Amino acid sequence: MRVPSLLFVITVGLLGAAALAQTTPPASSPSGPASASVRPPVLTPVVVARHPHDRAAFTEGLQYLGDGTYIESTGLVGESGVRRVELKTGKVVDRVATPLATAFGEGVAVLGGVAYHLTWQEGVAFAFDATTLNEVGRYRYSGEGWGLTTDGKQLIMSNGSSTLVWRDPKTFAVKRSVTVTDMGQPVKNLNELEYVQGSVYANIWLTDRLARIDPQSGKVTAWLDLSALTREASANAARAGKPLTFDDIPNGVAYVPERGTLLLTGKRWGTVFEVKVPGLGTVNGRGNPRR
């Protein structure tokens, strides 16, 4: 999401302050399993590499493919689509426009050789061959579409609320859902998602925070503070003469299994940050492409 009106921005600002007061954990907190009475720890990612990123990309979804490339989806009507990109160079290897010209593209996830791509308000998900990006199917769903990831068996979807929904990749039927909470309070505006080593990572729209979520209970087990990355991306954009706007926020998280790192970027950011996160390791010391 999105490009709100001025009235909506003012409303978000007023409501956001109250929401952050409920959900933002303090700078220091105990580690260990999160519960309704234990504050999740706040983790600071450590940047280990910086990769070029298309400044025009209004990033909505990101997933590493295991071969030095990642798949990315972009939003905005008339600019939405899915692309494969070389990580080291930022070069777009292949791309396809969101098939519905009036659609605002949202998240993307690859499972079983298929790239699933959401739309914001059209209630349509498009399926592409992950190699050729040729369309191979369409699915209908109710409500809005925001972020998408996979646990290797099912698709996991956000819709801007505090709910995560698991869907059957063959039918898009809902299999289960969970409400995401922090200290017993719902965490709304769940956006881009990534499933990593038994946890779901979720960008929170219009914030510099990434939530690590227990997919069984829905409880936030840690917060990642991305404010330093936002400041760097903003400074770089200003120097380039293209300052970031209020909604050019962190959005885009992907796991690199062979290095045990996360790729983090944002809407219209010129950088994909590769970071180390406490507690996150490799998978068998090598790649594990999800195609």
Side-chain angles (χ1 to χ4, degrees), residues 1-3 57-65 69-85 94-180 188-195 200-203 205 213 215 251-255 267 289-291:
M1 217 190 171
R2 324 323 154 315
V3 186
F58 199 75
T59 305
E60 297 292 354
L62 201 69
Q63 181 178 322
Y64 182 69
L65 297 176
T69 66
Y70 59 84
I71 194 165
E72 178 180 32
S73 59
T74 58
L76 300 177
V77 175
E79 300 179 28
S80 298
V82 174
R83 55 179 70 180
R84 285 203 318 277
V85 184
D94 199 3
R95 72 175 77 198
V96 63
T98 302
L100 185 60
T102 58
F104 192 120
E106 289 288 345
V108 67
V110 176
L111 176 61
V114 177
Y116 299 86
H117 174 44
L118 301 176
T119 54
W120 178 20
Q121 295 180 317
E122 286 69 23
V124 180
F126 298 97
F128 304 102
D129 181 285
T131 301
T132 65
L133 295 185
N134 293 327
E135 186 180 345
V136 295
R138 299 187 181 189
Y139 302 90
R140 300 291 307 186
Y141 56 87
S142 299
E144 295 185 352
W146 286 40
L148 195 66
T149 188
T150 174
D151 60 8
K153 296 180 180 179
Q154 297 179 338
L155 297 169
I156 307 171
M157 175 177 165
S158 66
N159 61 11
S161 70
S162 58
T163 301
L164 293 178
V165 176
W166 277 251
R167 292 183 178 274
D168 186 317
K170 294 183 179 180
T171 65
F172 233 67
V174 175
K175 307 303 291 184
R176 63 176 286 252
S177 64
V178 68
T179 299
V180 177
K188 299 180 180 180
N189 291 333
L190 300 174
N191 204 355
E192 150 71 345
L193 308 173
E194 180 78 351
Y195 183 89
V200 176
Y201 288 74
N203 283 116
W205 185 50
I213 302 161
N251 204 48
V253 50
Y255 174 56
K267 301 172 187 292
R290 288 181 292 175
R291 289 189 170 185

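Quick caveat: nothing in here was measured; it's all calculated off a predicted structure. Basis for what follows: all heavy atoms, side chains included, without hydrogens, waters or symmetry-related copies.
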For residues 94-104, run the donor-acceptor check on the side chains, cut-off 3.5 Å, and write out each pair with its distance to 0.1 Å, sequence neighbours left out.
{"from": "T98", "atom 1": "OG1", "to": "S80", "atom 2": "O", "distance (Å)": "3.4"}
{"from": "T98", "atom 1": "OG1", "to": "G81", "atom 2": "N", "distance (Å)": "3.2"}
{"from": "T98", "atom 1": "OG1", "to": "H117", "atom 2": "NE2", "distance (Å)": "2.9"}

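The backbone N or O of G252 sits less than 3.5 Å from a side-chain atom of N203, completing a donor-acceptor pair. Proximity of a side-chain donor or acceptor of D168 to a complementary backbone N or O of A173 within less than 3.5 Å is not detected.
Note: W146 and W205 have perpendicular aromatic rings, judged against thresholds of 30 and 60 degrees for the angle between ring planes.
Residues E106 and E192 fail the side-chain proximity criterion, which asks for heavy atoms closer than 4.5 Å.
Counting all heavy atoms, side chain and backbone alike, R84 lies closest to L133 at NH1-CG, 3.9 Å. Residues P215 and V178 approach most closely at O-CG1, 4.0 Å, considering heavy atoms. In terms of heavy-atom proximity, T150 sits nearest to Y195 at O-CB, 3.2 Å. Across V110 and A130, no two heavy atoms sit closer than the pair CG1-CB, 3.9 Å. Across all non-hydrogen atoms, the minimal contact from T163 to N159 is O-OD1, 4.1 Å. When all heavy atoms of V85 and E72 are compared, the closest pair comes out as CG2-OE1, 4.1 Å.
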As a quick check of understanding, evaluate side-chain contact (heavy atoms from CB on, under 4.5 Å) for I71 and V82, giving each step before the final call.
CA-CA 7 Å; I71 194 165; V82 174; 3.7 Å; yes
Applying side-chain contact (heavy atoms from CB on, under 4.5 Å), run through Y201 and Y255 and close with a yes or a no.
CA-CA 10 Å; Y201 288 74; Y255 174 56; over 6 Å; no
List the steps and the verdict of side-chain contact (heavy atoms from CB on, under 4.5 Å) for S158 and L164.
CA-CA 5 Å; S158 66; L164 293 178; 4.1 Å; yes
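The distance from the CE atom of M157 to the OG atom of S177 is 12.0 Å, given to the nearest 0.5 Å. Here CG of L111 is found 9.5 Å from OG1 of T149. Values are rounded to the nearest 0.5 Å. Atoms CG and CD, from L148 and E60 in turn, are 12.0 Å apart once rounded to the nearest 0.5 Å. Rounding to the nearest 0.5 angstrom, the gap separating the CZ atom in R138 from the OG1 atom in T119 is 10.0 Å. Between T69 atom OG1 and Q63 atom CD the span is 10.0 Å, to the nearest 0.5 Å. A distance of 13.5 Å separates CZ of R167 from CZ of R176, quoted to the nearest 0.5 Å.
With sequence neighbours excluded, the residues forming a ring pair (Phe, Tyr, Trp, His ring centres under 6.0 Å) with Y141 are F172, listed by chain and number. S142 is linked by a side-chain contact (heavy atoms from CB on, under 4.5 Å) to nothing, counting only residues two or more places apart in sequence or in another chain.
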